[in-house]
Amino acid sequence: MAVAVAEDIVVRPLNMAALVREASITALVVFALAISLVGFQVLDVPGGLAIRTRFVDVGMVMVLAFFGRVALILLREHRPRPVLIVTPVLAAIMLVLLLSETFFGVETGSVLKQFLPFQDPVVLWGVLLVTIVLAVRSAYAHTHMNSSMTLEEREVRMDQIGAGVQRAARLLGPVLLLFAITLPFMPFADRRLLDIGILVLTYVMLGWGLNIVVGLAGLLDLGYVAFYAVGAYSFALLATQMDVSFWVALPFAGLMAGLAGVILGFPVLRLRGDYLAIVTLGFGEMVRVILLNWYSFTNGPDGISGIPRPSFFGFAEFRRNAGDTTAFHDMFGLEFASVHRIIFMFYLILGMALIVNVFTMRIRKLPIGRAWEALREDETACRSLGINPRNTKLTAFGIGAMFAGFAGSFFATRQGFISPESFTFIESAVILAIVVLGGFGSQVGVVIAAVLLIGLPEFFRDLQQYRMLAFGLAMVLIMLWRPAGLLAHREPTLRLFGRNKKPGTSS
Amino acid sequence: MSAAESYGAPAAEVPGGGRALLTVEHLTMRFGGLVAIDDVSFQAAEGRITAIIGPNGAGKTTVFNCLTGFYKPTVGRLTLHHPKGEFLLERLEGYRTAQKASVARTFQNIRLFPRMTVLENLIVAQHNKLMRASGFTAAGLFGLKVYRDAEAKAMDLAKYWLDHTKLTEQADVEAGNLPYGDQRRLEIARAMCTEPVLLCLDEPAAGLNPRESHDLNSLLRYIRNEHKIGILLIEHDMSVVMEISDHIIVLDYGRKISDGTPEAVRNDPAVIRAYLGQEEHEELPPEIIAGAGTADRSPDDA
């Protein structure tokens, strides 16, 4: 046989007919999917709608699927060599064509680009990515001749990676914190980066807040954004109607959201699991609909604008001409720069998020925190131990809601304008996705997931329309590889023997 | 016949001796048309092990669920003569039975907190005490000394029970990863960490090998002798029941058919009839009785 064969790998003769059949079936399935999704596009033309057909693209997709499948079959049948030869060449050609405008100037580039299969750059980069992945896999298979790891082997490997990341996470926390603190003074930190940082940190804070409810207490809450909205509106109304400053309104907004959590939680928390999820989903939508329709109070779909920005702890304003109050740049003898406020906002949300984090870490080691976790594990056993399930759940729900309220106030003051648009179900889904992706109960996991889900799409604005697709993909991959989340690992709240001591070495 | 006599008002003296801790009067539990328990009265004494036995479906676990607040009895009065005063258990609902009246229980199908460590399971059991000490979380958040002392005490109690259930080595292991026998013992340790006056054990020897059963016997005897609390025990394993019980109550089809010391119950024709459906046999070896009772049936207990 032509290829060097490891002992346990049997290279069967290739059945060409079966290969072609399998690849054709794949192409057919792709055709069935693509003909409606890709084949027809509704266009908005003057005087009505028109349908544009894109059958060439459908054909292209089918051809790609056919050859992709052939490559996969070859890898499965331990014949990586043809794949190894073809895919890097293809990838190189695509890369050159994609970057042709930069290499050969716009004119030649646009001509060369005609040879690419699709028009949309994101799709093209996606195809290139798949080609590269195939090339790497075939190279790996060629050197190891064992491209088909068994499922268990793969699982063990993923677990090892997970455990390794977990060990690193202990260091990762401080490193991330240091990075966050120094970020505004980094040379590459422009206003855009800081804005993204603020956005990510808002979601980190929301994720940490929801982690108390979902991760610790095990209450699947699909309406978390409702409390975010209550906090934002409480603050916005207080600030615009009663002229209350940020620092006074902030605790009040948190309290209002916490109260809303307790009130909503009271009837809801006797439900468990899926039922709880569905009812919280309903409550979340109810809050949004109320905000939308109670025009006299919330200004309905018009939203509330002109929400004041926070002052420097009440001492100074971030304004060029602060009038009769002190201006921040005067106070510290700096030149006026609008970025001062952004930096202040960044530190503000960083501080608020860290408070949530410290609170969560501490409360986990208190009786109430342990009772939350026990409740997640077995409610019946909790009752037999005299733990009041209703009150325990309510505290988790209320505290989680309170943190959402704080985050909501911050959101309102940062945007300066809020409307019910900002508090749709998709926000709840994103926050929940952050918690699930990060690993239930893992604090560092939430940070990583927030950066992945919020930060990256902001950087790659082109991807915007594919963002939900990427979401779904990430979720599916996580379910396959790490069903409990990226960093799902539970650190005991207390130990009889020290962390590194083995049981039995001390008395 | 003992069965006929003990209906109605409970006997003044508890068989097997001891001060009455629990008085059950006319306990009846109906589920729709099904009468699971039919007018059962008995007493259980402090510092004694009282076993409730009976064929499958006799209503033993239902009695437990009524006692521990998981069911509300249709009729009946369940009085607990707690040192702090009398508690009417049928009026305490759910978690309050454990919280106020200090009645602890274990479950037929083990219910631990599987992803928490053994030690954490035992600390969670002391929740109410620690909640008060932590000033309902406020004092605990700031790490006040009151709370740290309370936590140290809770650790001591947990260590005490770890030692006596031979689980110290596994203290930092997740409870779900323990072998079956250890999980059974941990459940008893967790119940004891609530510092109960009455401990209700639902088939603690189910699935244990003879060696583990033997260890369980010594553990239960130790709890009875050293802690002077009442133990109520549902068990099919007659080697456990006959060896350690001071007092046995036999249920059949929701009725009490016998009540007395192990010796008296063993020789009660009504019991023999219930287990074997025969009247001739005066004396049966315990293994036969045990064999009659262990046919598999697993009603959910909660």
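Side chains are part of it too, since the values below use all heavy atoms of this structure and drop only hydrogens, waters and symmetry mates. Below, chains carry the letters A, B, ... as their sequence lines are ordered, and counting in each starts from 1.
Heavy-atom distances place no part of B:T97 under 4.5 Å from chain A, backbone and side chain included. Looking at B:E151, the atoms closer than 4.5 Å to chain A (heavy atoms on both sides) all sit in the side chain, from C-beta outward. Residue B:K159 touches chain A through its side chain alone, counting heavy-atom pairs closer than 4.5 Å. With a threshold of 4.5 angstrom between heavy atoms, B:L112 approaches chain A through N, CA, C or O but not through any side-chain atom.
A 4.5 Å side-chain heavy-atom check between B:Y95 and A:L385 finds every atom pair outside the cut-off. Counting heavy atoms from C-beta on, the side chains of B:I123 and A:L494 come closer than 4.5 Å.
Heavy-atom contacts from other residues, nucleotides or ligands closer than 6.0 Å to OH of B:Y160 number more than 12. Other residues, nucleotides and ligands contribute over 12 non-hydrogen atoms within 6.0 Å of the CG atom of B:D156. No more than 12 heavy-atom neighbours from other residues, nucleotides or ligands sit within 6.0 angstrom of CZ on A:F252. Around atom NZ of B:K153, no more than 12 heavy atoms belonging to other residues, nucleotides or ligands sit under 6.0 Å away. Annotation: B:Y222, atom OH; neighbour count of heavy atoms from other residues, nucleotides and ligands within 6.0 Å is above 12.
Residue B:R111 holds its CZ atom at 10.0 Å from CD of A:E379, rounded to the nearest 0.5 Å. Rounded to the nearest 0.5 Å, atoms OG (A:S384) and CG (B:D202) are 11.5 Å apart.
The minimum heavy-atom distance between B:A171 and A:L496, with the atom names listed, is CB-CD2, 3.4 Å. Scanning all heavy atoms of the two residues, the minimum distance from B:F113 to A:D378 falls at CE2-O, 3.5 Å. Annotation for A:A381 and B:R190: closest pair CB-NH2, 3.7 Å, computed over non-hydrogen atoms.
Remark: of the listed residues A:N388, A:L366, A:I368, A:I368 is the sole one forming a side chain to side chain contact (heavy atoms under 4.5 Å, CB included) with B:M131.
Between chain A and the residues B:R96, B:E187, B:M155, the largest count of heavy-atom pairs under 4.5 Å involves B:M155.
Residues of residues 389-408 of chain A that come closer than 4.5 Å to chain B, counting heavy atoms only, are A:P389, ordered by residue number. For residues 114-121 of chain B, heavy-atom neighbours of chain A at less than 4.5 Å comprise B:P114, B:R115, B:M116, B:T117, B:L119, B:E120, sorted by residue number.
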